[in-house]
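Okay, structure first, notes after.
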Amino acid sequence: MAPSDRHAEDRPLHDGPHEPAAEHPAAHDQAPRARGRHAAERHTATLALAHALSAAERGLAVLPLSRGKLPALRSPHHDDPHPPPCHGECGRMGHGVYDASTDPVRIRELFAAAPWASGYGIACGLPPYHLIGIDLDTKTGTDAPAALRELALRHLFTIPETVVVATPSGGRHVWLSGPPDIVVPNSAGRLAPGIDIRGAGGYLVGPGSRTEQGVYSTVPGTAHLPPAACPEALLRLLVPPLHRRPATAPPHVDVQQGQGLVQFVLAAHEGQRNTRLFWAACRAYENGLGEALAVPLTEAALRVGLTLREARSTIASAARLTGQA
């Protein structure tokens, strides 16, 4: 989403000295209004960055969002008639949740590239919390909180005290922490009507963000809490049983694709290393390259700062999610 020059048509073109033209009476009112609007936009962007940096201090990887709740930076491949399946391998910004980071320097770079950002997203599924978002919607006419309570009664679990974010539409985002060795997928309405799940590869709109609908805010009394551990009974509902696919040896190893996946991991910034490794490992297993790339991907993960235990756990999660373990 490239910023437009909003003032280009308003600037007078001077070819030389001339008598000043008579000003329209409304001109005196338009300039102050425009300055006020731009000042308000700058203030909103500054607040969004401050909230994002505060979230990053808690270990949450963040990215800038527009008022439409979408990533503020447009893909660098948007003009390509045949865009590559790139999630940041090119090294440029604009790859959605794959831009998310906990590094304050990187976060400032992202927001500097998107001065129109009015909010921020929090990437799910990443350490240290492996965040799971339970999105309780009210716009569809369903009572999502009641549906969650019914599920809790039926499956014998309770939602612990945790961070809860109020959405402008009257909904709620419940933050839970997942185990590091289980990947929770995103889903919409699968658990119950009106309940969406934000897991690995997804993001939640962070509190303090201003959108077209209004401002997201933390429910009083929950802002200081860490994301509570997801109850095991609920976790079983969030992770559907996987059916093992027959493992067939590939007729040949696609060396170019394998190198691309390894480079994708090597290009990871702090805060996105685990996400990139998980994504690359999933693609490797889906294309029959999992066994062949397990060691190169592990070595790449170690080079960007993950521990051996983290790398092996993430690759094992990818194998389970794709039915190869």
Side-chain angles (χ1 to χ4, degrees), residues 1 45 48-66 70-78 83-117 119-131 180 183 198-206 209 258-284 293 296-315 317-318:
M1 184 183 304
L49 173 59
H51 283 297
L53 289 171
S54 178
E57 288 179 355
R58 300 178 62 182
L60 300 168
V62 298
L63 68 151
L65 298 182
S66 68
L70 296 175
L73 291 171
R74 185 165 58 176
S75 168
H77 311 292
H78 67 273
C86 181
H87 287 84
E89 301 96 321
C90 65
R92 291 179 285 176
M93 302 176 187
H95 295 87
V97 72
Y98 297 98
D99 285 344
S101 177
T102 57
D103 180 4
V105 174
R106 179 63 173 177
I107 293 168
R108 291 181 184 277
E109 290 176 350
L110 291 168
F111 276 82
W116 53 88
Y120 65 103
I122 297 174
C124 296
L126 301 180
Y129 299 113
H130 305 278
L131 190 64
V183 175
R198 301 287 179 262
Y203 62 87
L204 291 164
V205 180
S209 296
Q259 290 177 343
L261 293 173
V262 171
Q263 288 300 317
F264 176 64
V265 175
L266 289 172
H269 296 280
E270 184 177 357
Q272 48 179 214
R273 296 170 298 193
N274 199 62
T275 298
R276 282 177 172 250
L277 176 62
F278 176 69
W279 184 89
C282 284
R283 302 295 82 75
L293 290 181
L297 287 175
T298 300
E299 293 175 347
L302 296 177
R303 288 178 60 182
V304 297
L306 291 179
T307 66
L308 180 61
R309 181 177 179 275
E310 289 171 332
R312 287 177 173 172
S313 175
T314 298
I315 293 173
S317 293

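To the nearest 0.5 Å, atoms CG (L261) and CG (L266) are separated by 11.0 Å. Note that CG of L277 is 9.5 Å distant from CZ of F264, once rounded to the nearest 0.5 Å.
Across every non-hydrogen atom of S101 and I107, the tightest pair is O-CD1, 3.4 Å.
Between L49 and Y120 the shortest side-chain heavy-atom distance does not fall below 4.5 Å. Proximity of P296 to Q259: side-chain heavy atoms (C-beta onward) are nowhere separated by under 4.5 Å. Taking 4.5 Å as the limit, some side-chain heavy atom of P71 sits within range of a side-chain heavy atom of Y203. Using a 4.5 Å cut-off on side-chain heavy atoms (C-beta onward), D99 and V97 make no contact. In this structure, R106 and M93 have side chains that are in contact, with non-hydrogen atoms separated by less than 4.5 Å. The shortest distance between side-chain heavy atoms of L60 and T102 does not fall below 4.5 Å.
Residues that satisfy the side-chain hydrogen bond (donor to acceptor under 3.5 Å, both in side chains) test with S209, not counting sequence neighbours, are absent from this structure. Residues satisfying the side-chain hydrogen bond (donor to acceptor under 3.5 Å, both in side chains) test with R276, not counting sequence neighbours, are Q272.
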| Yes or no on side-chain contact (heavy atoms from CB on, under 4.5 Å) for L126 and L131, after CA distance, side-chain angles and deciding distance? | CA-CA 7 Å; L126 301 180; L131 190 64; over 6 Å; no
Pair up each side-chain donor or acceptor in residues 299-309 with any protein partner under 3.5 Å, not counting sequence neighbours, and list the distances.
unit_1: T307; atom_1: OG1; unit_2: E310; atom_2: N; d: 3.1
unit_1: T307; atom_1: OG1; unit_2: E310; atom_2: OE1; d: 3.4

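By the neighbour-count criterion of 12 heavy atoms within 6.0 Å, atom CZ of R58 is densely surrounded, having more than that number from other residues, nucleotides or ligands.
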